[in-house]
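Okay, structure first, notes after.
Remember, it's a predicted structure, so these values are computed and weren't measured experimentally.
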Amino acid sequence: MSEDWNARTRAVHGGTRRSQYGEVSEAIFLTQGFVYDSAEAAAQRFEEAGEDEFIYARYGNPTVRMFEERIALLEGAEDGFATASGMAAVSGALTSMLKAGDRVVSSRALFGSCLYVLEEVLTRYGVEVEFVDGTDLDQWRAAITPGTRAVFFESISNPTLEVVDIAAVSELAHAVGATVLVDNVFSTPVFSNAIAQGADVVIYSATKHIDGQGRALGGIILGTRDFIRKTVEPYMKHTGGSMSPFTAWVMLKGLETMDLRVRAQAAGALQLAEALQGHGALARVIYPGHASHAQHDLVQRQLGGKGGTVLSLDLAGGQAAAFAFLNALTIPVISNNLGDAKSILTHPATTTHQRLPQDQKDALGITPGLVRMSVGIEDADDLVADVLQALEKAV
């Protein structure tokens, strides 16, 4: 691979391994195990597998390895470990490095399942977790004390789209020797390079923009080679959260078109945000790429001014208006995924964040009228027209 390749070229060609047949599209190695030439060769491989040697699909696979290498090259990471889902990546990255008595500082605005891992799973095993307002550097500064083992946050929060300053928080964390883990899904690999901005570990739900076409679940943990191979891999291979070869092939195909899709989606999201500003049915329009966003200056620095593919609409009429709006749409679908080629809307208060008590929803800004919209690659003019007619019916 040429060191001069840009991101889009790396996403198409990085990490390619071809068999003796010279196939154009990557091969799918649908096998759970591998054959050894001799008993001695088997013993040697279990002692230390070579760069292109594999033992068992739970440990690694040629197709999965292609995906790991390609996304690591794209992200600027030394290595990666592919997982069965995005949440397997979040839980695996955190659980593999933490033990009883360790301390984690996290932003409070998180996806519901991430909150569950931090609030219920880690604390059950004696890990101390403190939550802060991710947009307030003073709160990070007060919470990240000597002895803090890890810092975790979503670079753009789900679903209220708060932006966390990766560089500033990483500097605070590294001053006390803490590891910075960033869930970078909403920022996307296209617009954000969290490792270059200071993160130690970057996590993606590959289910979202990497696949981008609603086909498969997957995740990836990216970081230094030591962290991936000495901390994450032993934990994941023994607990079983690895990615399947077929899923890895799907993700490789998704990476080839991700840059084109995500840029088109972000352009559509910005057009929608501009068209909906000041609409009478809406209490607020939240889109990091729009000048009205409270952290738009940070978005300029951290994401090159691109606000991602998701915007949130807060309907003034509350849940009844939100449901009427959702039911009146004709192009987007109602689902709980995001980053798809199809536009998708969800009502977080009753779906992805349903388990949270009302006071926690209030603190996070998840109002009864809030609707999250993941913008697809449909014609943006068609989407604007459809959203406007649905808002009129909601009123």
(message) Could you measure the distance from the CG atom of Leu370 to the CD atom of Gln319? Nearest 0.5 Å is fine.
(response) 12.0 Å
Could you go through residues 217-228 and list every donor-acceptor pair under 3.5 Å that involves a side-chain atom there, pairing it with any protein atom two or more places apart or in another chain?
residue: Thr224; atom: OG1; partner: Phe227; partner atom: N; Å: 3.1
residue: Arg225; atom: NH2; partner: Glu78; partner atom: O; Å: 2.8

(request) Find out if a path of hydrophobic residues (ILVMFWY) with successive side-chain heavy-atom gaps under 4.5 Å connects Val232 to Val104. (result) yes
(request) Rounded to the nearest 0.5 Å, what's the gap from CG on Leu94 to CD1 on Ile203? Could you check? (result) 6.0 Å
(message) Looking at Asp79 and Lys230, is any side-chain nitrogen of the basic one under 4.0 Å from a carboxylate oxygen of the acidic one?
(response) no
(message) For Glu23, I'd like to know if atom CD has over 12 heavy atoms of other residues, nucleotides or ligands within 6.0 Å.
(response) yes
(message) Please find the pair of heavy atoms, one from Leu364 and one from Ala109, that lie closest to each other, and give the distance.
(response) CD2-CA, 3.5 Å
(request) Would you please name every residue forming a salt bridge (Lys or Arg N to Asp or Glu O under 4.0 Å) with Arg18, sequence neighbours left out? (result) none
(message) Would Leu313 and Phe325 count as a side chain to side chain contact (heavy atoms under 4.5 Å, CB included) here? Give the steps.
(response) CA-CA 11 Å; Leu313 311 176; Phe325 167 66; 4.0 Å; yes
(request) Please test Glu274 against His290 for side chain to side chain contact (heavy atoms under 4.5 Å, CB included), starting from the C-alpha separation and ending with a verdict. (result) CA-CA 7 Å; Glu274 290 174 339; His290 193 270; 3.6 Å; yes
(message) Do the side chains of Arg45 and Glu51 get close enough for a salt bridge, i.e. N-O under 4.0 angstrom?
(response) no
(request) Count the heavy atoms belonging to other residues, nucleotides or ligands that lie under 6.0 Å from CG of Asp379, then report whether that count exceeds 12. (result) yes
(message) Just verifying a value: how many Å separate Leu181 CG and Leu98 CG, rounded to the nearest 0.5 Å?
(response) 8.0 Å
(request) Specify the closest pair of heavy atoms between Ala199 and Ser170, including all atoms of both residues, with the distance to one decimal. (result) N-OG, 3.6 Å
(message) Has Ser19 got a side-chain atom pairing as donor or acceptor with Tyr21's backbone, closer than 3.5 angstrom?
(response) yes
(request) Using the six-membered ring wherever Trp is involved, compare the ring planes of His13 and Trp5 and label them parallel, tilted or perpendicular (cut-offs 30° and 60°). (result) tilted
(request) Provide the full list of side-chain hydrogen bond (donor to acceptor under 3.5 Å, both in side chains) pairs with a residue in residues 189-206, sequence neighbours left out, each pair given once. (result) Glu75-Tyr204, His174-Asp200, Asn184-Ser192, Asn184-Tyr204, Ser205-Thr207, Ser205-Lys208
(request) Would you list the pairs meeting salt bridge (charged side-chain N to carboxylate O under 4.0 Å, His left out) in which at least one residue belongs to residues 167-195, sequence neighbours left out? (result) none
(message) Side chains of Arg70 and Thr16, heavy atoms from C-beta outward: is any pair under 4.5 Å?
(response) yes
(message) Does Asp362 form a side-chain hydrogen bond (donor to acceptor under 3.5 Å, both in side chains) with Gln358? I'd like the steps, not just the answer.
(response) CA-CA 6 Å; Asp362 292 341; Gln358 189 59 50; 2.9 Å; yes
(request) Go through the steps for Thr31 and Phe54 under the test side chain to side chain contact (heavy atoms under 4.5 Å, CB included), then give the verdict. (result) CA-CA 11 Å; Thr31 178; Phe54 300 91; over 6 Å; no
(request) Mind running side-chain hydrogen bond (donor to acceptor under 3.5 Å, both in side chains) on Ser96 and Thr231 for me, showing each step along the way? (result) CA-CA 6 Å; Ser96 66; Thr231 299; over 6 Å; no
(message) I need the Phe191 CZ to Leu303 CG distance, nearest 0.5 Å.
(response) 8.5 Å
(message) Within this structure, what is the CD1-CD1 distance for the pair Ile210 and Ile71, rounded to the nearest 0.5 Å?
(response) 4.0 Å
(message) I'd like to check Leu345 versus Arg372 (side-chain heavy atoms, cut-off strictly below 4.5 Å). Are they in contact?
(response) no
Got a list of side-chain donor-acceptor pairs under 3.5 Å for residues 383-395, not counting sequence neighbours?
residue: Asp386; atom: OD1; partner: Thr330; partner atom: N; Å: 3.2
residue: Asp386; atom: OD1; partner: Thr330; partner atom: OG1; Å: 2.9
residue: Asp386; atom: OD1; partner: Gln389; partner atom: NE2; Å: 2.8
residue: Asp386; atom: OD2; partner: Thr330; partner atom: N; Å: 2.9
residue: Asp386; atom: OD2; partner: Thr330; partner atom: OG1; Å: 3.3
residue: Asp386; atom: OD2; partner: Ile331; partner atom: N; Å: 2.8
residue: Gln389; atom: OE1; partner: Lys393; partner atom: NZ; Å: 3.3
residue: Gln389; atom: NE2; partner: Ala328; partner atom: O; Å: 2.9
residue: Gln389; atom: NE2; partner: Asp386; partner atom: O; Å: 3.2
residue: Glu392; atom: OE2; partner: His279; partner atom: NE2; Å: 3.3

(request) State which residues pass ring-ring contact (aromatic ring centres under 6.0 Å, His included) with Phe111; sequence neighbours excluded, sorted by chain then number. (result) none
(request) Side-chain contact test, heavy atoms from C-beta onward, threshold under 4.5 Å: evaluate it for Leu137 versus Trp140 and give yes or no. (result) yes
(message) With rounding to the nearest 0.5 angstrom, report the CZ to OG distance, Phe186 to Ser374.
(response) 8.0 Å
(request) Could you check if a side-chain atom of His293 sits within less than 4.5 angstrom of a side-chain atom of Ile286, using non-hydrogen atoms only? (result) yes
(request) Give a yes or no on whether the backbone of Phe323 and the side-chain of Asn327 come within a donor-acceptor separation of less than 3.5 Å. (result) yes
(request) Any chance you could pull the hydrophobic cluster mates of Phe29, using side-chain heavy atoms under 4.5 angstrom and chaining through other members? (result) none
Show which side-chain atoms of residues 236-245 pair as donor or acceptor with protein atoms under 3.5 Å away, not counting sequence neighbours.
residue: Thr239; atom: OG1; partner: Tyr235; partner atom: O; Å: 2.7
residue: Ser244; atom: OG; partner: Thr247; partner atom: N; Å: 3.1
residue: Ser244; atom: OG; partner: Thr247; partner atom: OG1; Å: 2.9

(request) Determine yes or no for a side-chain-to-main-chain donor-acceptor pair under 3.5 angstrom, with Gln302 supplying the side chain and Val164 the backbone. (result) yes
(request) Any pair with a residue in residues 253-263 that passes side-chain hydrogen bond (donor to acceptor under 3.5 Å, both in side chains), sequence neighbours left out, goes on the list, sorted by first then second residue, please. (result) Arg8-Asp259, Ser25-Lys253, Glu26-Lys253, Lys253-Glu256, Thr257-Arg261, Asp259-Arg263
(message) Using a 3.5 Å distance criterion without hydrogens, assess whether the side chain of Thr63 forms a donor-acceptor pair with backbone atoms of Ala27.
(response) yes
(message) We want to know whether Asp381 and Gln271 form a side-chain donor-acceptor pair, criterion being a heavy-atom distance below 3.5 angstrom.
(response) yes
(request) From the options Val105, Leu110, Val180, select the one residue that forms a side-chain contact (heavy atoms from CB on, under 4.5 Å) with Phe152. (result) Leu110
(request) Can you run down the salt bridge (charged side-chain N to carboxylate O under 4.0 Å, His left out) pairs that involve residues 91-111, sequence neighbours left out, and say none if there aren't any? (result) Lys99-Asp102, Arg103-Glu128, Arg103-Glu130
(request) Identify, with sequence neighbours excluded, every residue that meets side-chain contact (heavy atoms from CB on, under 4.5 Å) alongside Arg355. (result) Leu115, Tyr116, Glu119, Glu120
(request) Would you please test Phe34 and Glu53 for side chain to side chain contact (heavy atoms under 4.5 Å, CB included) and show each step? (result) CA-CA 9 Å; Phe34 299 85; Glu53 294 180 333; over 6 Å; no
(message) In the structure I gave you, are the side-chain heavy atoms of Pro62 and Arg65 within less than 4.5 Å of one another anywhere?
(response) no
(message) Strictly by salt bridge (charged side-chain N to carboxylate O under 4.0 Å, His left out), give each pair with a member in residues 313-341 just once, sequence neighbours left out.
(response) Arg284-Asp314
(request) Could you check if a side-chain atom of Leu311 sits within less than 4.5 angstrom of a side-chain atom of Leu272, using non-hydrogen atoms only? (result) yes
